[in-house]
Amino acid sequence: MAVTWRAVVLAALGLPVVLLVPATGTVLLWALLVVVACAVDVGLAASPRQVGVRRDVPASVRLTEPATSTLTLSHLGRRRLRGLVRDAWPPSTGAQVDRHRLDVAPGEGVRVRTVLVPTRRGDAHADRVTIRTLGPLRLAGRQASLTVAGRLRVLPEFASRRHLPSRLARLRELDGRAAVQVRGPGTEFDSLREYVIGDDVRSIDWRATARRSDVVVRTWRPERDRRVLIVLDTGRTSAVRVLDAPRLDASIEAALLLAALATKAGDRVELLVFDRKVRGRVASATGARVMAQFADTLALAEPTLVETDWPGVVAQVRQRLSQRALVVLLTALDPAAVEQGLLGVAGQLTERHQVVLASVSDPEVDALRTSRDSSAAVFDAAAAERVGLERAAVTVRLRQRGAEVVDALPDDLAPRLADTYLALKAAGRL
């Protein structure tokens, strides 16, 4: 039984009578009247268990975008249903107003809507639906919580898609519309044209030149259908917070932008989410399904407090790639972690594949380098400077082993990685 504020007020109104007439019978009589009134109200209230409930919620929504959870209530009882209904969701879904008033006649139905604005990736599961019905006096009523399944998958925001149009324009310049004039192992024949000053003499087609009695060169364009494998590290270093967000979030944005760009370029893109075991995978997806599957898999990616098994990463890459491909490692350029793990196996990857390591740098470390306000700030600046030197040293050692390194701030990582991909494609290194 649910007792409302009206019943509390009614009981409070009887206190002056009890104080003025301190008789046992009066107290008992007043208490009996309140109890009887509430009992009658409960008896006349509609039963919340005679309400059919169905919850409709979208299958997925992007982070920070609104979604609507709709409850369809069908009143199956014989008394008029008055009261409240609560559509309960976890706090991370950002439910705006989850309590709704009800006034439904017998045999009728009503729909109530709760707007959700999620603030966290992943699967959000709805809690129970609580229905509180009130009697005609509004003194008391009935309440029941019903289990109604509901799941909303919150996809990554993909804020980096604003960089996609400019990168696609550069891609079109590489892809036949403006032919590349440098021949490399990763290019394919496009067309013939007359020689102009500045062309590479190695591109001259001597047979065509002999037929036309004019110097003719071959033009080349980046190859399509190359393999791109994105490895997302979800080990302990991915949990480090950079600008109030986990380092993993910036890596996810970079993975989405690169996947969108490589798909438009005609390459086959795969995803591997890994720490000590495979946490997620996207393979054999083509066309529009690539981005849908990437977003769906990356929505569930979460940091785990374990050391990444880099020999295991190498084994996974060898298992999935039999020919030369672009392998992108989205991980942390943490000197200690790289020296103990990745550095020892980097050569095994670079001897067969083009490897790019993309890492998020912390702007607060750069800010500490310039601070000289106090003795403590000087010590912080010295520590920040040492961290920078160690990262630079690790970067040099990785490049000596044949890996490209992209070290950028969270907002710059995605476009910098996309630029690196375009540069490698233009140079014929894919």
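Given the structure is predicted, the values throughout are model-derived calculations rather than measurements.
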Any [X] side-chain heavy atom under 4.5 Å of [Y] side chain:
X    : Y    : result
T70  : T68  : yes
L343 : L398 : yes
R111 : D56  : no
L248 : L232 : yes
S251 : S359 : no
V85  : L71  : yes
R281 : L271 : no
E339 : V394 : yes

Are there more than 12 heavy atoms of other residues, nucleotides or ligands under 6.0 Å from atom [atom1] of [X]?
X    : atom1 : answer
R386 : CZ    : no
R120 : CZ    : no
R49  : CZ    : no
E351 : CD    : yes

Tell me if a side-chain donor or acceptor on [X] pairs with a main-chain N or O of [Y] at a distance below 3.5 Å.
X    : Y    : value
R391 : L333 : yes
T133 : A46  : yes
H163 : P415 : no
T350 : G402 : no
D362 : V242 : no
Q323 : L321 : no
R352 : S322 : yes
R162 : F158 : no

| query | Where do R416 and D407 land on the salt bridge (Lys or Arg N to Asp or Glu O under 4.0 Å) test, with the steps shown first? | reply | CA-CA 9 Å; R416 286 275 303 278; D407 189 17; over 6 Å; no
| message | Pair D233, T308 - check side chain to side chain donor-acceptor pair (under 3.5 Å), show working. | response | CA-CA 7 Å; D233 177 16; T308 302; 2.5 Å; yes
Give the minimum heavy-atom separation between [X] and [Y], together with the two atoms involved.
X    : Y    : value
P58  : A67  : CG-CB, 4.2 Å
L272 : Q316 : CD2-CB, 3.6 Å
L298 : A255 : CD1-CB, 4.3 Å

| Which residue pairs pass the salt bridge (Lys or Arg N to Asp or Glu O under 4.0 Å) test when at least one of the two sits in residues 237-255, sequence neighbours left out? |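 Listed by first then second residue: R121-D249.
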Could you check whether [X] pairs with [Y] (Lys NZ or Arg NE/NH1/NH2 to Asp/Glu carboxylate O, under 4.0 Å)?
X    : Y    : result
E270 : R227 : yes
D123 : R153 : yes
R167 : D419 : yes
E307 : R236 : yes

In Å, rounded to the nearest 0.5 Å, how long is the span from [atom1] of [X] to [atom2] of [Y]?
X    : Y    : atom1 : atom2 : result
I131 : L102 : CD1   : CG    : 7.0 Å
S238 : I252 : OG    : CD1   : 9.0 Å
L155 : L63  : CG    : CG    : 9.0 Å
T263 : M291 : OG1   : CE    : 7.0 Å
T130 : L84  : OG1   : CG    : 10.5 Å

| Partner set under side-chain hydrogen bond (donor to acceptor under 3.5 Å, both in side chains) for D275, not counting sequence neighbours |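 Expected list: T234, R279, T304.
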| query | Which is it for R86 and D127 under the salt bridge (Lys or Arg N to Asp or Glu O under 4.0 Å) test, yes or no, and what are the steps along the way? | reply | CA-CA 10 Å; R86 183 192 180 202; D127 205 343; over 6 Å; no
| field | Flag for D98-T114: side-chain donor and acceptor within less than 3.5 Å | value |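 Side-chain D/A pair, T114 to D98: absent.
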| Distance-only polar pair, side chains of S92 and T119, donor-acceptor under 3.5 Å |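 Side-chain D/A pair, S92 to T119: absent.
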| Only one of R55, R54, R99 forms a salt bridge (charged side-chain N to carboxylate O under 4.0 Å, His left out) with D87, so which one is it? |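 By the salt bridge (charged side-chain N to carboxylate O under 4.0 Å, His left out) criterion, D87 pairs with just one of R55, R54, R99: R55.
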| request: Step by step, work out the side chain to side chain contact (heavy atoms under 4.5 Å, CB included) result for L261 and L171. | output: CA-CA 8 Å; L261 183 59; L171 179 63; 4.2 Å; yes
